[in-house]
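Presented below is the structure to which this report refers.
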Number of protein chains: 4
Amino acid sequence: MAQDITNDGVAGEELKQFVERIERLEEEKKGISDDIKEVFAELKGRGFDVKIVRKIVQIRRQDASERQEQEAILELYMQALGMQ
Amino acid sequence: MAQDITNDGVAGEELKQFVERIERLEEEKKGISDDIKEVFAELKGRGFDVKIVRKIVQIRRQDASERQEQEAILELYMQALGMQ
Amino acid sequence: MAQDITNDGVAGEELKQFVERIERLEEEKKGISDDIKEVFAELKGRGFDVKIVRKIVQIRRQDASERQEQEAILELYMQALGMQ
Amino acid sequence: MAQDITNDGVAGEELKQFVERIERLEEEKKGISDDIKEVFAELKGRGFDVKIVRKIVQIRRQDASERQEQEAILELYMQALGMQ
DNA sequence: CGCTTAATATAGCCAC
DNA sequence: GTGGCTATATTAAGCG
């Protein structure tokens with residue numbers, strides 16, 4: 001348990017496990033970020049404008065989250081009206 | 001090809017492929033971020049101090065990049081001194 | 001006040017003051033950047049290696065911020081241990 | 001001279017002077033950056049939208065540099081035509 | 001002038 | 001829910 005950290009190393013071992021899990025996940029995340037960069041490099045090589053494609057992705061993301069929000073509101077209203 | 005973008009939709013199709021690849025990768029990335037959050041929640045539940053664990057992870061990351069940096073400096077100096 | 005911005009120009013005047021203050025400051029900043037460039041040009045003219053001097057400045061900056069960081073970590077741990 | 005750097009410390013002293021000049025200038029620059037941040041904080045406190053004001057400043061900057069460019073071109077043309 | 005690194009701006013997260 | 005802080009994304013600068 002965490003309070004043992006200064007006593008017998010038991011919590012130390014547990015902490016180490018957590019830290020390493022986090023580090024593995026962050027590495028994976030970094031790998032994916034690198035993949036995304038590669039895709040941008042590729043589309044640039046194909047003659048597309050990186051800045052604009054970035055903008056498009058951003059707009060689509062916003063639109064998606066707005067749509068979700070709309071649906072959430074709809075659901076809320078329907079619940080309020082006993083329609084669901 | 002990208003220049004066809006306003007003509008016949010060929011580039012439009014290619015662009016769509018790229019955008020979708022990016023979106024898939026970003027989703028994966030988001031999933032991993034969520035996993036990391038879960039790990040922090042878990043270790044918090046086990047009695048560890050989230051802020052400090054975050055700091056530990058950050059320090060280990062810095063140490064790693066510092067080691068790389070040292071090597072880069074060494075190389076730079078060796079180049080400057082014509083030793084390489 | 002800012003909400004008047006579409007009404008009577010009062011906020012417009014205030015905004016203008018802010019924007020001009022920012023622009024003056026950015027000009028000053030640009031001037032200093034130019035001064036720094038001049039110093040690098042000068043030391044280059046004196047036979048020093050610009051790239052390496054840049055690195056030295058960067059390292060000194062990092063060292064300073066690392067020292068601060070160490071203190072921050074110490075404080076964090078002391079807080080966590082209820083020593084403060 | 002810079003080549004003495006490994007010999008007698010003369011160049012070392014000169015280098016130190018340069019580094020310190022750069023550091024002083026970078027501090028000044030940082031001070032101004034902080035001032036700019038303060039102005040943004042202030043205008044935010046007055047009810048203005050920071051992001052939008054930033055955009056305005058950026059646009060004005062672009063316009064200014066475009067105007068300068070136009071003038072440079074004009075001058076060039078006038079010179080080419082022997083009008084100046 | 002394009003490509004890589006540094007500075008800045010934005011967004012997300014956590015604590016209060 | 002607001003404000004500070006960290007992390008990410010964007011933009012600018014420097015270098016070859």
Side-chain angles (χ1 to χ4, degrees), chain A residues 22 25-26 29-34 36-41 44-45 47 49-59 61-62 65, chain B residues 22 25-26 29-30 32-41 43-44 48-59 61-62 65 68-69 72-73 76 79-80, chain C residues 22 25-26 29-30 32-41 44 49-55 57-59 61-62 65 68-69 72-73 75-76 79-80, chain D residues 22 25-26 29-30 32-41 44-45 47 49-59 61-62 65:
Chain A
I22 292 164
L25 288 166
E26 292 200 336
K29 199 174 148 191
K30 171 133 194 351
I32 294 174
S33 292
D34 291 346
I36 292 172
K37 268 179 215 139
E38 271 180 57
V39 178
F40 277 106
K44 181 179 182 179
D49 184 312
V50 171
K51 204 170 161 184
I52 289 176
V53 177
R54 240 179 242 285
K55 203 84 197 165
I56 289 169
V57 172
Q58 188 196 348
I59 288 167
R61 192 164 36 209
Q62 276 176 199
S65 83
Chain B
I22 292 164
L25 287 165
E26 291 201 336
K29 199 175 148 191
K30 170 109 190 18
I32 293 175
S33 292
D34 290 346
D35 290 347
I36 293 171
K37 259 176 236 154
E38 270 180 58
V39 178
F40 276 106
L43 63 84
K44 183 177 181 178
F48 292 99
D49 184 316
V50 171
K51 206 170 162 188
I52 288 181
V53 177
R54 226 177 256 285
K55 195 56 123 188
I56 289 168
V57 172
Q58 186 196 10
I59 289 166
R61 193 165 36 206
Q62 276 181 197
S65 84
Q68 285 187 309
E69 177 68 8
I73 293 166
L76 183 66
Q79 278 179 3
Chain C
I22 292 164
L25 287 167
E26 291 201 336
K29 200 174 147 192
K30 171 108 189 20
I32 293 174
S33 291
D34 291 346
D35 290 348
I36 293 171
K37 262 177 228 151
E38 272 181 56
V39 178
F40 275 107
K44 183 178 182 177
D49 184 315
V50 170
K51 205 171 161 186
I52 288 181
V53 177
R54 223 175 259 286
K55 196 55 128 187
V57 172
Q58 186 196 11
I59 289 166
R61 191 165 37 205
Q62 276 181 196
S65 84
Q68 285 188 310
E69 177 68 8
I73 293 166
E75 204 178 320
L76 183 66
Q79 278 178 2
Chain D
I22 293 164
L25 287 166
E26 292 200 336
K29 199 175 148 190
K30 171 132 195 354
I32 294 174
S33 292
D34 291 345
D35 290 347
I36 293 172
K37 268 180 215 137
E38 271 180 58
V39 177
F40 277 107
K44 181 180 181 178
D49 183 311
V50 171
K51 206 171 159 184
I52 290 176
V53 177
R54 239 178 242 286
K55 203 84 197 166
I56 289 169
V57 171
Q58 188 197 349
I59 289 167
R61 191 165 39 209
Q62 276 177 198
S65 84

Students should find that the nucleotides of DNA chain F closing off the region near chain C, any atom under 4.0 angstrom from a heavy atom, are F:dG14 to F:dC15
With sequence neighbours excluded, residues passing side chain to side chain contact (heavy atoms under 4.5 Å, CB included) with C:A80
B:D49, B:I52
Reported CG-to-NZ distance for the pair C:L76 and B:K51, which is rounded to 0.5 angstrom:
5.5 Å
Run the side chain to side chain contact (heavy atoms under 4.5 Å, CB included) test against C:Q62 and tell me which residues pass, sequence neighbours left out.
C:Q58
B:E69: partners by salt bridge (charged side-chain N to carboxylate O under 4.0 Å, His left out), with sequence neighbours left out
C:K55
Under the rule for side-chain hydrogen bond (donor to acceptor under 3.5 Å, both in side chains), what residues qualify as partners of C:R61, not counting sequence neighbours?
D:E26
Contact class for B:R61 (heavy atom, under 4.0 Å): base, sugar-phosphate, or nothing?
sugar-phosphate
Distance check needed: E:dG2 P versus A:D49 CG, whole Å only.
13 Å
Holding to salt bridge (charged side-chain N to carboxylate O under 4.0 Å, His left out), I want the full list of residues that pass it with D:K37, two or more places apart in sequence or in another chain.
D:D34
Nucleotide-resolved protein contact map, nucleotides 8-16 of chain E, B/S/- at heavy-atom distance under 4.0 Å:
SSSS-SSS-
With the side chain counted from C-beta on, respond yes when D:E38 and D:D35 share a heavy-atom pair under 4.5 Å apart, and no when they do not.
yes
Could I get the full list of side chain to side chain contact (heavy atoms under 4.5 Å, CB included) partners for C:A72, not counting sequence neighbours?
none
